[in-house]
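Notes for the one structure printed next.
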Amino acid sequence: MEKTEKQDFLSMDRRTFLKVVGAIGASTFLGIHRSQITKALELSKTKVIWLHGAECTGCSASLLDGGNPDLSQAIEKLSVDLAFHETLLAQQGIFVDGRPASTSELNSEILLDEAIEEGNYILVVEGSIANGPEGSGKYCMYGERTFKDIFEKAASNASAILAVGMCAAYGGINSSDSDLKELTDFRGVAYLNENPYGGMLSELGIDKPVINIAGCPTHPDWVLLTLAAVILGKIDINNLDPVLDTYKRPLVFFPADNSMHDNCPRRGYYDRGILDDDFSGKGCLLKVGCKGPYTRSDCGLRKWNNGVSMCTQAGSSCIACCEPGFPDAASPFYEMIEDKPLAYGMNVGTMSAIGVGAATVGVAAHAARRIIFDKYAEEHKEKLEE
């Protein structure tokens, strides 16, 4: 570890960078080198266009709550040219102070078009893209234009695309089961839920490198550090497979061999078989619907609110908001998933039978889930490769 800390991070080539990440673990690495990544970005000048589709702007709000650096510091220090971000732009629009605005300095539509035409930018997409009704995209409009049309132009000219949040990555709540689902036909950038061929890029016939930053909302670090790695060339956008998982999430934040549960502050209670029956206790929240064992994220290590707290620490169960099937796959949020037949052909009774005694049941069930989940992930990966 001491040897690693003394290495010159900025002089590493990509191969060395990945070896270090693998050797010391993602979270440890980021803890050591966060300030160096930020400093390195001061040398960059990369244009970013940030589009908003169908969403609640929660991921932008989460980014605004980030720290070390906060967003304003990041924009200033990282030398990222944030060419367009509808929420953060100063007063702009077709009309400003009641008067028509016809210059890119005042008219955001002109500004966006000019930025797209210039090309050479990283496109960040927040929110899902409406394909309905009947492929028109008219269920999500920017003035008189559909967001689908704007996304098509922006994606076509982009160097790479970051799909930020569950709506942009997998469709999210907009594509969950409802009577309107087929009519509105909301899509993620590259995925529709777990389908890697159901995203808007496939619909439009566009082939671009895509990184999915999962979460509802995303963690500010996941966004800024991924953006940093792309700008620095630590992630080769033309060879993303080594650093992304099956669902195009960065492995460094969504590890394939760990779940949120593994580092949950309440994990010790689970191992001792102390499971709460309601939300008022201090034990493990599995019986009140916690999906931590099924969720690939580093929330338990990174935490939120500048590393102060996280959902389970605040008394709420994990609702698996980083998993591609969210929210349907995690619903109902506050009921044990073991109450339903699992996709792996097991239920809670089968799992419980593995262990002996209250404490052993917890550990054995966890071990069984890990084995089954890993097997499922491997089979799913092989299926996609076919």
- Within-4.5 Å side-chain heavy-atom neighbours: Arg267 and Asn263: no

Are Phe147 and Leu183 connected in the hydrophobic side-chain network, where two residues link if heavy atoms are under 4.5 Å apart? no

Are a donor atom and an acceptor atom from the side chains of Ser62 and Asp65 found within less than 3.5 Å of each other?
no

Does a side-chain heavy-atom distance below 4.5 Å link Val164 with Val223?
yes

Rounded to the nearest 0.5 angstrom, the CG-OG distance for Leu123 and Ser156 is 10.0 Å

Sequence neighbours excluded, the answer for ring-ring contact (aromatic ring centres under 6.0 Å, His included) partners of Phe186 is none

Here the pair of heavy atoms bringing Gly300 nearest to Met310 is CA-SD, 3.7 Å

Applying salt bridge (charged side-chain N to carboxylate O under 4.0 Å, His left out) to Asp207 and not counting sequence neighbours gives none

Taking only Lys NZ, Arg NE, NH1 and NH2, and the carboxylate oxygens of Asp or Glu, determine whether Asp185 and Lys148 approach each other closer than 4.0 Å.
no

Q.
Does this structure show an ion pair linking Arg302 with Asp298, if we count only N-O contacts that are shorter than 4.0 Å?
A. yes

Here the pair of heavy atoms bringing Ile116 nearest to Ile150 is CD1-O, 4.5 Å

Review point. Relative to each other, are the rings of Phe279 and Tyr334 parallel, tilted or perpendicular (30° and 60° limits)?
Key: perpendicular

Residues at least two apart in sequence or cross-chain that pass side chain to side chain donor-acceptor pair (under 3.5 Å) with Arg249, listed by chain then number, are Asp245, Glu323

Checklist entry - Is there a side chain to side chain contact (heavy atoms under 4.5 Å, CB included) between Leu64 and Leu88 once you walk through the steps? => result CA-CA 10 Å; Leu64 289 169; Leu88 301 180; 4.0 Å; yes

If we ignore hydrogens and angles and just use 3.5 Å, is the side chain of Thr295 paired with the main-chain N or O of Lys291 as donor and acceptor? yes

Q) Less than 4.0 Å between a side-chain N and a carboxylate O, is that true for Lys181 and Asp179? A) no

Separation between CG (Asn193) and OG (Ser175), nearest 0.5 Å, reads 4.0 Å

The reported gap from CG in Leu285 to OH in Tyr270 (rounded to nearest 0.5 angstrom) is 13.0 Å

Counting C-beta onward and ignoring hydrogens, is there a side-chain heavy-atom pair between Met200 and Asn131 closer than 4.5 Å?
yes

What is the ring orientation for Trp222 with Phe253, classed by angle as parallel under 30°, tilted 30 to 60°, or perpendicular over 60°?
tilted

Review point. Side-chain contact, heavy-atom cut-off 4.5 Å: Val48 with Asp81?
Key: no

Heavy atoms of Ile237 and Ser159 approach each other most closely as CD1-O, 3.6 Å

### Query
Side-chain donor-acceptor pair under 3.5 Å between Thr312 and His261, yes or no?
no

Heavy atoms of Phe326 and Cys321 approach each other most closely as CD1-CA, 3.5 Å

Practice prompt. State whether the side chain of Ser331 and the backbone N or O of Pro327 hold a donor-acceptor pair below 3.5 Å, judged by distance alone.
Written response: yes

Students should find that the hydrophobic cluster of Tyr269, defined by side-chain heavy atoms under 4.5 Å apart, otherwise consists of Ile274

If we ignore hydrogens and angles and just use 3.5 Å, is the side chain of Thr146 paired with the main-chain N or O of Asp149 as donor and acceptor? yes

Value for CZ (Arg266) from SG (Cys290), rounded to nearest 0.5 Å, stands at 9.0 Å

**Message:** Is there a side-chain contact between Ile161 and Ile211 in this structure, where contact means two heavy atoms from C-beta onward sitting under 4.5 Å apart?
**Reply:** no

Applying ring-ring contact (aromatic ring centres under 6.0 Å, His included) to Tyr139 and not counting sequence neighbours gives none

So CG of Leu82 and OG1 of Thr46: to nearest 0.5 Å the spacing works out to 12.0 Å

Inset, instruction - Output yes when a side-chain donor or acceptor of Ser136 lies under 3.5 Å from a complementary backbone atom of Pro133, and no otherwise. - result: yes

On a heavy-atom basis, the closest approach of Gly325 and Glu194 is N-CG, 4.2 Å

- request: Please report the C-alpha distance between Cys284 and Leu275 in whole Å, then the side-chain angles of each, then the deciding distance to 0.1 Å, and finally whether the side chain to side chain contact (heavy atoms under 4.5 Å, CB included) criterion is met.
  value: CA-CA 5 Å; Cys284 174; Leu275 309 181; 3.5 Å; yes

Take atom CG in Leu244; do more than 12 heavy atoms of anything else shown fall under 6.0 Å from it?
-> yes

CD1 (Ile49) and NE2 (His85) are apart, to the nearest 0.5 Å, by 12.5 Å

Stepwise, does the side chain to side chain contact (heavy atoms under 4.5 Å, CB included) test hold for Cys322 with Arg296?
CA-CA 7 Å; Cys322 293; Arg296 305 292 191 187; over 6 Å; no

Taken in chain and number order and not counting sequence neighbours, the residues that satisfy ring-ring contact (aromatic ring centres under 6.0 Å, His included) with Phe151 are none

message = If only side-chain N and O atoms count, and only distance matters, is there a donor-acceptor pair under 3.5 Å linking Glu55 with Ser128?
response = no

query: Is the backbone of Val288 close enough, under 3.5 Å, to the side chain of Asp276 for a donor and an acceptor to pair up by distance?
result: no

- Say whether, by atom type as modelled, one donor and one acceptor occur between the side chain of Tyr142 and the main chain of His52 under 3.5 angstrom. yes

query = With the 4.5 Å side-chain cut-off for hydrophobic clustering, are Tyr247 and Leu192 part of the same group?
reply = no

query: Does the side chain of Thr226 reach to within under 4.5 Å of the side chain of Ile213, using non-hydrogen atoms?
result: yes

inquiry  = Closer than 3.5 angstrom, by distance alone: can the side chain of Lys208 be matched with the main-chain N or O of Ala158 as a donor-acceptor pair?
reply    = yes

- Message: Do the side chains of Asp278 and Lys287 get close enough for a salt bridge, i.e. N-O under 4.0 angstrom?
- Response: no

Problem - Intermediate values then yes/no, salt bridge (Lys or Arg N to Asp or Glu O under 4.0 Å), Arg145 and Asp113 - result: CA-CA 12 Å; Arg145 296 188 293 180; Asp113 286 341; 3.0 Å; yes

All heavy atoms of Ile231 vs all of Val80, minimum pair found to be CD1-CG2, 3.9 Å

Worksheet item: Passes side chain to side chain contact (heavy atoms under 4.5 Å, CB included), Glu152 versus Ile206? Steps please.
Response: CA-CA 8 Å; Glu152 181 177 13; Ile206 299 173; 4.0 Å; yes

May I ask you to test the Ser259-Tyr294 pair for a side-chain heavy-atom distance under 4.5 Å? no

With clusters defined by side-chain heavy atoms of hydrophobic residues (ILVMFWY) lying less than 4.5 Å apart, directly or transitively, does Met141 cluster with Leu180?
no

Problem - Residues, nucleotides or ligands: over 12 heavy atoms within 6.0 Å of Lys303 NZ - result: yes

